[in-house]
Amino acid sequence: MQVAVVTFDGFNELDSFIASALINRCRKDGLEAFITTPTPVVTSMNGVEVAGQRPVEFVAEADVVLIGSGVKARDVVADDRLISRLRLDPSRQLIGAQCSGALVLARLGLLGGMPACTDMKSRPFVEACDVTVLDAPFHAEGNIATAGGCLASQYLATWVITRMLGEDAAREVIDYVAPVSENQETVERAMRAVHAGEVALR
């Protein structure tokens, strides 16, 4: 089970690294995440250079695709050649977007009429795509999910792990990374966010 964490130039480190690090704690169970980039090296919004682990074409074979955010998200969605390389299939893949990554899902026509979560700076641009933005950290409908706010990347990871390996696996991962003495409340917050985001659509 492979996860493509799509990471563009100008990316937000919290989005890509938190999601990939949490998911990779499930390697022993066969779930593995890879930083997936359109160029061999991408530079974060804070100047951190990262070598991609997989080329962006990897998204076509991945079981899960998470679209990270960044300061160049609007450039990404305006780049027809780059967008054409993102061949996603929600009928067989879990697809998630973090913050301005929702712009990419909208550009690909994957949101349909569903609302989305995003960050405050990206909100007006997502709304300009005729997408309703929720005042919530996480929302999922079927195989598509969005998260808003950098630290909500833990909710995307929790959703992925739950869908791929079950809730017990997700709880174990969040419990491991939780601040000392805050384990239970951190786990419950993550599970509550994911459950609430999914229940809202029923």
For Arg192, salt bridge (Lys or Arg N to Asp or Glu O under 4.0 Å) partners two or more places apart: none
Treating [X] as the side-chain partner and [Y] as the backbone partner, does any N or O pair qualify as donor plus acceptor under 3.5 Å?
X	Y	answer
Glu185	Glu182	no
Asp175	Asn183	no
Ser20	Phe17	yes
Thr146	Cys117	yes

So which atom in [X] and which in [Y] form the shortest heavy-atom distance, rounded to 0.1 Å?
X	Y	answer
Gly142	Trp159	O-CZ2, 4.0 Å
Ala106	Cys129	CB-CB, 4.1 Å
Ala97	Ala102	CB-N, 3.6 Å
Val131	Ala116	CG1-CB, 3.8 Å
Gly197	His139	O-ND1, 3.4 Å

Pairs touching [range] that satisfy side-chain hydrogen bond (donor to acceptor under 3.5 Å, both in side chains), sequence neighbours left out:
range	result
residues 91-103	Asp89-Ser91
residues 25-35	Arg27-Glu32
residues 121-130	Asp119-Ser122, Arg123-Glu127

Which other residues end up in the same hydrophobic cluster as Met45, if Ile, Leu, Val, Met, Phe, Trp and Tyr are linked when side-chain heavy atoms come under 4.5 Å apart?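 Answer for Met45: Val71.
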Apart from Phe58 itself, members of its ILVMFWY cluster (side-chain separation under 4.5 Å) are Phe34
[X] [atom1] to [Y] [atom2] distance, which is reported to the nearest 0.5 Å:
X	Y	atom1	atom2	answer
Leu88	Ile67	CG	CD1	5.5 Å
Arg74	Leu103	CZ	CG	8.5 Å
Asp79	Leu86	CG	CG	9.5 Å
Gln184	Ile174	CD	CD1	14.5 Å
Leu82	Phe8	CG	CZ	5.0 Å
Asp63	Met164	CG	CE	4.5 Å

Return the set of residues passing side-chain contact (heavy atoms from CB on, under 4.5 Å) with [X] (not counting sequence neighbours), or none when no residue passes.
X	answer
Ala19	Leu66
Thr37	Thr7, Ile35, Val42
Leu14	Asn12, Ile18, Cys150

Give the cluster check for [X] versus [Y]: same hydrophobic cluster or not, with ILVMFWY residues linked at side-chain heavy-atom distances below 4.5 Å.
X	Y	value
Leu94	Val56	no
Ile161	Leu156	yes
Val177	Val160	yes
Val50	Val6	no
Ile23	Val173	yes

Given side chains that start at C-beta, do those of Thr36 and Val5 come closer than 4.5 Å, heavy atoms only? no
Could you tell me whether the side chain of Met1 reaches within less than 4.5 Å of the side chain of Val64, counting heavy atoms only?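 Answer no - side chains too far apart.
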Ring pair (Phe, Tyr, Trp, His ring centres under 6.0 Å) partners of Tyr155, counting only residues at least two apart: none
Please determine whether a side-chain nitrogen of the Lys or Arg among Glu61 and Arg87 lies less than 4.0 Å from a carboxylate oxygen of the Asp or Glu. no
Can I get a per-line list of side-chain donor-acceptor pairs under 3.5 Å for residues 107-114, giving both atom names and the distance, sequence neighbours left out?
from: Arg107; atom 1: NE; to: Val77; atom 2: O; distance (Å): 2.8
from: Arg107; atom 1: NH2; to: Asp80; atom 2: OD1; distance (Å): 2.3

Residues that Glu172 engages under side-chain hydrogen bond (donor to acceptor under 3.5 Å, both in side chains), provided they are two or more places apart: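 Glu172: no side-chain hydrogen bond (donor to acceptor under 3.5 Å, both in side chains) contacts found.
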